[in-house]
There are 2 protein chains.
Amino acid sequence: MSTKGRGRPRTYDSDAALGAALEVFWERGFAATSLDDISAATGMARPSLYAAFGNKKSIYRKSIDKFNREFLGQLEAVLFAGTGIENDLVNFYLAALPTYRSGDRVARGCPVICTATVEAAVDDTIQGDLAAAFDHIDGALVARFEQAQADGELPGSAVPSRLGMLAAALLHSLAVRMRVRQKGFQAEQFVRASVGEILKT
Amino acid sequence: MSTKGRGRPRTYDSDAALGAALEVFWERGFAATSLDDISAATGMARPSLYAAFGNKKSIYRKSIDKFNREFLGQLEAVLFAGTGIENDLVNFYLAALPTYRSGDRVARGCPVICTATVEAAVDDTIQGDLAAAFDHIDGALVARFEQAQADGELPGSAVPSRLGMLAAALLHSLAVRMRVRQKGFQAEQFVRASVGEILKT
DNA sequence: CTCATTTTATACCGTTTCGTACAAAATTAA
DNA sequence: TTAATTTTGTACGAAACGGTATAAAATGAG
């Protein structure tokens, strides 16, 4: 690992490689993705992959971590945009949809919720990463409802922790539903209707 | 395939074998489960597995289908028990928890939502099975809210289709959260609080 | 120009994978 | 008892897997 100095210069960009690796993990899941798949997607030979990021699980964790930082950061910015609780919340979900719909062949939902969850039952480190990501989302949503209550947008009888967990459930459902691809499911309509129900006093 | 007649009698029970196969798929996911794993779990040699159920994907689909029939049937019975919408709904989720918590090592959530969803992006037949299962749950929940409205338990202004999809989101969230195993997550508390919010006029 | 250093790329190793061929075993029909 | 039929269990084969040893290639330092 050297940014400069003696030696043959590396031909890859670490961040781009992790992004390309995520794409294949996202489509096929962790177990069904081979190092050859990652090698083809990144253009890096297997020994280079190993030297740069470690073994397959390590590559997976690093690519998921990168996704979490970028994606959750973007979602949180929308959630705390300050356009009122209803608007912020609707925009929060709508901001996730383009990512959940992405994919060359078909929509793939959320890479974290849809691929890491499987591994969580047999791999404790991935389970830890995943639980931390869930905690992070829960915390952000609860905090947003607390802020709304402080701003007088919610009655004093409202319970932000309950609303936050309910709002998180909406995101989980969207994350898997977009990958399940039921015919006739209207994501935007579902988002607006559900947020309306949640905020109904 | 013969129930009686000439030939060496089979030593396995098809239903029990599919149940044992589901256990390993449930813990490790489809891709990470080998035919040797299934062979060990069922006590059937690989050629017998192949003769009885077909290839790995066929075994998976049959075992998931058996789970869906049994589990969803059980949940629907609770949902339509007729003890009032709030009780029925709470009991619906609570009835799912023992299954979601089951597992020798750790809780494994829902086998359908947590393992089939990964494959849905690359396998169209599994995607079709999965979408049908989701449609089924959606339909049952929406029907239950329609019934509640007809029974006068919900105001005329309520929209059963919206409430049903919101209630389905709760189940999806529970199904993955039980496998994610966040510290401090209280499932029963979450269920009661969320149902209370949903039914809050 | 020479040498130390770092990355690349080929090739290999042992293991595991899915699927099947084949003979032995166990039953019923004749 | 003999023959036909079905399941079982061993054993095999080709392919794919994760991971690594090793030499060639490409740079900077001296």
Side-chain angles (χ1 to χ4, degrees), chain A residues 1-18 20-25 27-64 115-116 118-119 122-126, chain B residues 1-18 20-25 27-64 115 118-119 122-123 125-126:
Chain A
M1 183 201 313
S2 71
T3 36
K4 211 55 170 290
R6 201 142 43 168
R8 180 169 172 170
R10 61 177 50 146
T11 61
Y12 62 87
D13 171 47
S14 289
D15 223 51
L18 287 179
L22 180 74
E23 288 297 313
V24 289
F25 281 129
E27 175 162 337
R28 308 177 200 191
F30 173 75
T33 298
S34 71
L35 288 180
D36 280 336
D37 293 332
I38 305 172
S39 178
T42 58
M44 295 170 65
R46 275 216 308 287
S48 296
L49 278 175
Y50 201 84
F53 309 117
N55 64 12
K56 180 178 159 184
K57 182 160 84 181
S58 179
I59 301 174
Y60 177 74
R61 292 183 63 205
K62 288 187 168 83
S63 68
I64 288 285
T115 75
V118 203
E119 313 306 322
V122 283
D123 188 306
D124 288 340
T125 63
I126 293 179
Chain B
M1 182 200 314
S2 69
T3 36
K4 211 53 171 290
R6 197 136 53 165
R8 180 169 173 170
R10 61 176 52 143
T11 61
Y12 62 88
D13 172 47
S14 289
D15 224 50
L18 287 179
L22 180 74
E23 288 296 313
V24 289
F25 281 129
E27 174 162 338
R28 308 178 199 190
F30 172 76
T33 298
S34 71
L35 288 181
D36 280 336
D37 293 333
I38 305 172
S39 178
T42 58
M44 296 169 66
R46 273 214 310 288
S48 296
L49 277 174
Y50 203 83
F53 309 117
N55 64 14
K56 179 177 157 185
K57 183 160 82 181
S58 179
I59 302 174
Y60 177 75
R61 291 184 63 206
K62 288 186 169 83
S63 67
I64 288 286
T115 76
V118 203
E119 314 306 322
V122 284
D123 188 306
T125 64
I126 293 180

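Naming convention: chains lettered A, B, ... in sequence-line order (proteins, then strands); numbering from 1 in each chain. Just so you know, these numbers come straight off a predicted model, no measurement behind them. Just so you know, these numbers use all the heavy atoms, side chains as well, and skip hydrogens, waters and symmetry mates.
- The nearest whole Å value for the distance from the OH atom in A:Tyr60 to the C1' atom in D:dC17 is 19 Å.
- Atom C1' of nucleotide C:dT8 and atom CG of A:Leu49 are separated by 12 Å, given to the nearest angstrom.
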Can you name the atoms? Protein N/O to nucleotides 25-27 of chain D N/O, anything below 3.5 Å, with the distance.
from: D:dA25; atom 1: O4'; to: A:Arg8; atom 2: NH1; distance (Å): 3.4
from: D:dA25; atom 1: N3; to: A:Arg8; atom 2: NH1; distance (Å): 3.4
from: D:dA26; atom 1: N3; to: A:Arg8; atom 2: N; distance (Å): 3.4
from: D:dT27; atom 1: O2; to: A:Gly7; atom 2: N; distance (Å): 3.0

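- Side chains of A:Phe25 and A:Ile38 form a contact here, defined as non-hydrogen atoms less than 4.5 Å apart.
- Regarding B:Asp36, its CG atom lies at a distance of 7 Å from the P atom of C:dC18, rounded to whole Å.
- The distance between atom CG of A:Leu35 and atom C1' of D:dA15, rounded to the nearest whole Å, is 16 Å.
- Distance check, rounded to the nearest 0.5 Å: CD1 of B:Ile64 to OG1 of B:Thr115 gives 4.5 Å.
- Within 4.0 Å of B:Ser39, counting heavy atoms only, lies no atom of the nucleic acid at all.
- When distances run from any side-chain atom of A:Ala45 to the nucleotides C:dC18, D:dT8, C:dA9, the shortest one goes to C:dA9.
- Going from atom CG of B:Asn55 over to atom P of C:dT20 covers 9 Å, rounded to whole Å.
- Considering only the side chain of B:Pro47, C:dT20 comes nearest among C:dC18, D:dC17, C:dT20.
- Residues B:Lys56 and A:Ala51 both approach DNA chain C. Their nearest nucleotides, taken by heavy-atom distance, put A:Ala51 toward the 5′ side.
- In this structure, B:Ile38 atom CD1 and C:dT16 atom C1' are separated by 15 Å, rounded to whole Å.
- Within the 4.0 Å cut-off from OP1 or OP2 of D:dT8, at least one side-chain nitrogen or oxygen of B:Thr11 is found.
- One interatomic measurement links the two molecules: CZ of B:Phe53 to C1' of C:dC18, which rounds to 17 Å at whole-angstrom precision.
- The distance from atom CG of A:Leu49 to atom CG of A:Leu35, rounded to the nearest 0.5 Å, is 7.0 Å.
- In this structure, B:Tyr50 OH and B:Met44 CE are separated by 13.5 Å, a value rounded to the nearest 0.5 Å.
- A:Lys56 forms a cation-pi arrangement with A:Phe30, by the criterion of a distance under 6.0 Å to the ring centre and an angle within 45° of the ring axis.
- Residue B:Tyr12 is the one, among B:Tyr12 and A:Arg46, whose nearest nucleotide of DNA chain D lies closer to the 5' end (criterion: closest heavy atom).
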Given side chain to side chain donor-acceptor pair (under 3.5 Å), test B:Asp36 with B:Ser34 step by step and report yes or no. CA-CA 5 Å; B:Asp36 280 336; B:Ser34 71; 5.0 Å; no
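- Residue A:Ser48 places at least one side-chain N or O under 4.0 Å from the OP1 or OP2 atom of C:dT8.
- Interatomic distance, CD of B:Glu119 versus CZ of A:Arg28, reported as 12.0 Å (0.5 Å rounding).
- Regarding contacts with the backbone of C:dT20, a side-chain N or O of B:Tyr50 is found under 4.0 angstrom from either OP1 or OP2.
- Residue A:Arg10 contributes atom CZ, which lies 7 Å from atom P of C:dT8 at whole-angstrom precision.
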